[in-house]
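Here the structure is a predicted model, which is why all the values come from computation and not from measurement. Lettering of chains follows the sequences in order, A, B, ..., and the numbering in each one begins at 1. What's counted below: heavy atoms across the whole structure, side chains too, no hydrogens, waters or symmetry copies.
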Number of protein chains: 4
Amino acid sequence: MNKRQKRAKIIASSLQLFSKHGFYKTTMRDIASNLGISEGSLYTHFPSKMSLATAAISHVTGKLAIDLRYINSKPISATKKIYEFVKSYFSFIQKNPEMVEYFFQVYLSNREIFCNEEDCGFSLAKEFIEELEILIDDGVKNNEFTQENFFIAFSSIMGILGSITFLHSEHVLEKELESYCEEIAKAICRTLN
Amino acid sequence: MNKRQKRAKIIASSLQLFSKHGFYKTTMRDIASNLGISEGSLYTHFPSKMSLATAAISHVTGKLAIDLRYINSKPISATKKIYEFVKSYFSFIQKNPEMVEYFFQVYLSNREIFCNEEDCGFSLAKEFIEELEILIDDGVKNNEFTQENFFIAFSSIMGILGSITFLHSEHVLEKELESYCEEIAKAICRTLN
Amino acid sequence: MNKRQKRAKIIASSLQLFSKHGFYKTTMRDIASNLGISEGSLYTHFPSKMSLATAAISHVTGKLAIDLRYINSKPISATKKIYEFVKSYFSFIQKNPEMVEYFFQVYLSNREIFCNEEDCGFSLAKEFIEELEILIDDGVKNNEFTQENFFIAFSSIMGILGSITFLHSEHVLEKELESYCEEIAKAICRTLN
Amino acid sequence: MNKRQKRAKIIASSLQLFSKHGFYKTTMRDIASNLGISEGSLYTHFPSKMSLATAAISHVTGKLAIDLRYINSKPISATKKIYEFVKSYFSFIQKNPEMVEYFFQVYLSNREIFCNEEDCGFSLAKEFIEELEILIDDGVKNNEFTQENFFIAFSSIMGILGSITFLHSEHVLEKELESYCEEIAKAICRTLN
DNA sequence: TATGAATGAGTTTTCATTCAT
DNA sequence: CATGAATGAAAACTCATTCAT
């Protein structure tokens with residue numbers, strides 16, 4: 001296994017544990033033994049626990065950004081793009097629940113972990129947020145979406161998706177997550193229209 | 001100062017610090033010295049740090065529930081109730097930013113703090129959620145809101161409010177929070193209608 | 001035992017172990033168990049291992065400065081003061097070998113421990129060095145000492161004392177330390193005259 | 001580069017870093033990367049970090065011994081030999097400050113590094129100390145130096161030189177080191193006479 | 001022989017909780 | 001009841017040394 005592969009494995013393990021038990025309740029020992037390696041070995045690849053959290057969030061938002069960028073590139077209406085995004089996002093949750101949970105529960109919430117003087121850690125998600133901005137702008141230009149404040153549009157999309165993600169991870173939803181896909185997309189579009 | 005008042009003071013102090021620095025970065029010493037009392041004294045009123053977090057969340061959701069219950073009791077349309085709720089919620093944020101931040105950033109995110117075998121900590125917000133359910137049900141019964149899945153309706157309301165709260169606490173909003181009130185309420189209603 | 005007494009006990013224990021095994025080979029656990037207290041207890045009184053080293057050196061140089069100040073205040077010749085200082089210093093070694101060993105072996109050598117940006121740790125010994133300067137200046141003013149350069153005079157006194165201290169702590173001296181007192185004082189005076 | 005040359009290079013690098021940052025604050029990685037080689041490679045040439053420290057001190061005292069042996073072989077008075085030794089020592093400091101600093105600040109001070117059950121690490125400097133003994137004995141035999149205890153004579157020479165070396169390495173001397181040469185030699189001789 | 005990732009014991013430090021005063 | 005020193009069980013991180021490639 002080469003260095004890049006090892007890093008990827010460590011990030012995957014961290015993601016899993018951080019999302020399950022939270023950043024603070026996950027110890028470096030937990031991550032190491034979950035991988036069957038020594039604690040010291042972790043430090044060969046990442047200089048600190050915080051750098052692990054950072055690498056993990058970059059990984060997650062990078063993945064989300066790639067999916068959204070692909071959807072944005074399609075020659076379809078903005079409304080259709082919202083549908084596709086919700087679908088793609090739901091399938092992403094199914095395949096990588098730990099990634100999305102990590103995004104919402106660790107990154108968005110334990111801000112103190114990611115913030116330093118210069119950068120409040122937001123730049124880590126920049127790629128993804130920019131792509132979302134493109135999607136919204138497109139919709140407004142096409143007159144599909146009401147000209148509206150960006151922050152409200154952003155909240156309508158990510159707030160609703162975040163909330164349903166939360167309910168799903170709390171196991172309070174009655175049906176399969178994917179069965180809400182259509183309705184959620186519709187709900188989001190209603191807000192934007 | 002009697003026992004109840006003392007408890008209230010301790011909860012207020014905890015809320016302030018938990019919301020600012022997070023649950024884990026706030027020490028019992030921080031809470032005590034913020035109040036000018038001893039650490040030992042804290043334990044006369046609360047048996048553990050966790051119990052402080054729990055009492056704090058009950059306090060916050062209790063307050064939110066009271067406001068919403070009052071709105072629900074009014075002889076107005078469900079749509080109007082949504083407007084009133086958003087307005088009341090925004091004014092609540094202005095007056096008690098630490099309470100709302102605590103709700104979203106500590107309670108919803110550091111689930112591991114509140115969960116034990118029997119209870120996943122959700123019951124703490126039960127009062128408030130039940131009140132929200134009443135509001136949604138009313139709207140559906142009156143045919144103001146489309147008959148819809150509760151979870152989606154819930155996400156439309158609390159997701160959007162949560163997201164805008166987050167953006168506000170991150171200081172990325174361009175205008176005063178209250179100036180978004182009308183638009184946010186409209187956006188939520190569009191989803192529900 | 002009050003707080004000041006406890007601090008003094010901890011400093012004494014640290015001094016003993018630092019001088020015997022060096023700063024780096026002495027662990028906080030060693031210091032704590034040498035005192036029969038817990039590691040955490042150490043941190044109630046001193047915020048870090050480094051602060052212990054600093055408190056220890058201040059303690060030692062303070063003691064040395066007091067002795068020398070008293071000698072300086074006497075109405076005797078500078079040459080006689082040198083004799084008295086050597087005598088007092090030797091008796092100090094007998095009573096507190098760990099203090100002097102600490103001074104020479106830890107303080108003078110592990111400079112990296114005591115240095116920070118502003119202060120290179122020398123100020124900790126300032127009191128003592130200033131008193132030594134007074135003694136030398138007196139001798140020069142009285143025409144007892146011809147050696148005018150302070151640094152050479154300083155080295156003649158402290159270098160010779162330091163070296164004999166070192167040989168003593170290495171157990172290579174053949175006779176009792178105090179039996180060298182007279183000769184050492186003479187040797188120092190010969191250099192200064 | 002042959003094996004001996006490689007060893008020499010490693011010793012030089014160690015000496016540099018040990019004298020600058022101390023034995024404990026210098027890691028094997030530091031030494032290796034300072035040389036542009038791998039950590040493992042270090043262990044092909046030296047079995048442990050301690051063996052590096054030992055080899056380094058032998059190297060330094062060996063160099064000093066050679067210089068002093070050469071001076072001792074000259075057909076000149078003991079007093080003149082002291083002058084020559086001080087001159088040679090000062091020029092040695094100028095050319096190899098790290099060697100002398102290492103001798104005084106690591107070897108003489110972190111005794112715990114060099115000591116084991118059998119040998120307290122003193123033998124490493126034996127060659128040099130023996131040569132110094134020869135010089136002192138010569139002076140006594142010629143009636144140039146007062147018959148005196150060896151340890152006091154030793155301290156007069158090495159103590160004064162050590163102290164001035166310390167002040168030099170601390171950058172507290174006002175003039176160039178070499179400008180003190182004559183006076184220091186005189187001061188030492190006054191003690192010995 | 002050279003490499004450098006892996007190891008794991010050891011170190012400082014933190015902090016919720018307890019309890020003697 | 002209030003206090004705050006004491007506790008001790010972790011936790012993050014370090015680094016000399018080893019060993020497979």
Asker: To the nearest Å, how far apart are B:I10 CD1 and F:dC1 C1'?
Answerer: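 Spelled out: CD1 on B:I10 to C1' on F:dC1 is 13 Å.
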
Asker: For nucleotides 15-18 of chain F, list the nitrogen or oxygen atoms of the protein found under 3.5 Å from its nitrogen or oxygen atoms, one pair per line.
Answerer:
from	atom 1	to	atom 2	distance (Å)
F:dA16	OP1	D:K49	NZ	2.9
F:dA16	OP2	D:M28	N	2.8
F:dT17	OP2	D:Y43	OH	3.1
F:dT17	OP2	D:K49	N	2.8
F:dT17	O4	D:E39	OE1	3.4

Asker: Taking A:L17's backbone N and O only, do any of them form a donor-acceptor pair with A:T26's side chain (distance below 3.5 Å, no angle check)?
Answerer: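 Confirmed, A:T26 side chain pairs with A:L17 backbone.
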
Asker: Taking all non-hydrogen atoms of both residues, which atom of A:S169 and which atom of A:E101 are closest, and how far apart?
Answerer: CB-OE2, 3.3 Å

Asker: To the nearest angstrom, how far is A:K9 atom NZ from E:dA6 atom P?
Answerer: 12 Å

Asker: Could you state the CG-P distance from B:L35 to F:dA2, rounded to the nearest angstrom?
Answerer: 12 Å

Asker: Can you give the dot-bracket line for DNA chain F, using ( ) for pairs inside the strand, [ ] for pairs that cross earlier ones, | for pairs with another strand and . for unpaired bases, where Watson-Crick and G-U count if both distances are under 3.5 Å?
Answerer: .||||||||||||||||||||

Asker: Using modelled atom types and a 3.5 Å cut-off, is there a donor and acceptor pairing between side-chain atoms of B:D30 and backbone atoms of B:T27?
Answerer: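 Here the side-chain-to-backbone pair exists.
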
Asker: Separation of C:N2 atom CG from F:dG4 atom C1', in whole Å?
Answerer: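 Taking atom C1' of F:dG4 as the reference, CG of C:N2 is at 15 Å.
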
Asker: Can you name the closest pair of heavy atoms from C:A55 and C:I11 and give their distance?
Answerer: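 Answer, listing the atom of C:A55 first, then C:I11: CB-CD1, 3.8 Å.
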
Asker: Do the side-chain N or O atoms of C:S38 get closer than 4.0 angstrom to the phosphate oxygens (OP1, OP2) of F:dT7?
Answerer: yes

Asker: Check whether any side-chain nitrogen or oxygen of C:K6 sits under 4.0 Å from OP1 or OP2 of F:dA5, and answer yes or no.
Answerer: no

Asker: Find the distance A:H21:NE2 to F:dA11:P and express it as a whole number of Å.
Answerer: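 Interatomic distance, NE2 of A:H21 to P of F:dA11: 13 Å.
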
Asker: Closest approach of D:V60 and D:F103, non-hydrogen atoms and distance?
Answerer: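 The pair with the smallest heavy-atom distance is CG1-CB, 4.2 Å.
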
Asker: To the nearest angstrom, how far is A:I31 atom CD1 from F:dA11 atom P?
Answerer: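 In whole Å, F:dA11 P and A:I31 CD1 are 12 Å from each other.
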
Asker: What's the CZ-P distance between C:F46 and E:dT14, to the nearest Å?
Answerer: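 Taking atom P of E:dT14 as the reference, CZ of C:F46 is at 16 Å.
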
Asker: Give a yes/no on whether any side-chain N or O of B:H45 is located under 4.0 angstrom from OP1 or OP2 of F:dC1.
Answerer: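 So the side-chain polar atoms of B:H45 never come under 4.0 Å of the phosphate oxygens OP1 or OP2 of F:dC1.
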
Asker: Ignoring hydrogens and angles, write down the donor-acceptor pairs under 3.5 Å from the side chains of residues 35-43 of chain B, residues two or more places apart or on other chains.
Answerer:
from	atom 1	to	atom 2	distance (Å)
B:S38	OG	B:S41	N	3.2
B:E39	OE2	B:R29	NE	3.2
B:E39	OE2	B:R29	NH2	3.2

Asker: To check you understand the geometry: which heavy-atom pair defines the closest contact between D:A53 and D:Y102, and what is its length?
Answerer: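 Taking D:A53 first and D:Y102 second, the nearest heavy atoms are O-OH, 2.7 Å.
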
Asker: Before you tell me yes or no, could you show the steps for D:L52 and D:M28 under side chain to side chain contact (heavy atoms under 4.5 Å, CB included), namely the whole-Å CA-CA distance, both residues' side-chain angles and the distance that decides it to 0.1 Å?
Answerer: CA-CA 10 Å; D:L52 257 176; D:M28 292 301 268; 4.0 Å; yes

Asker: Answer yes or no for C:K49 and C:F23: cation-pi contact, defined as NZ/CZ to six-membered ring centre under 6.0 Å and angle to ring axis within 45°.
Answerer: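 Checked: cation-pi criterion met.
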
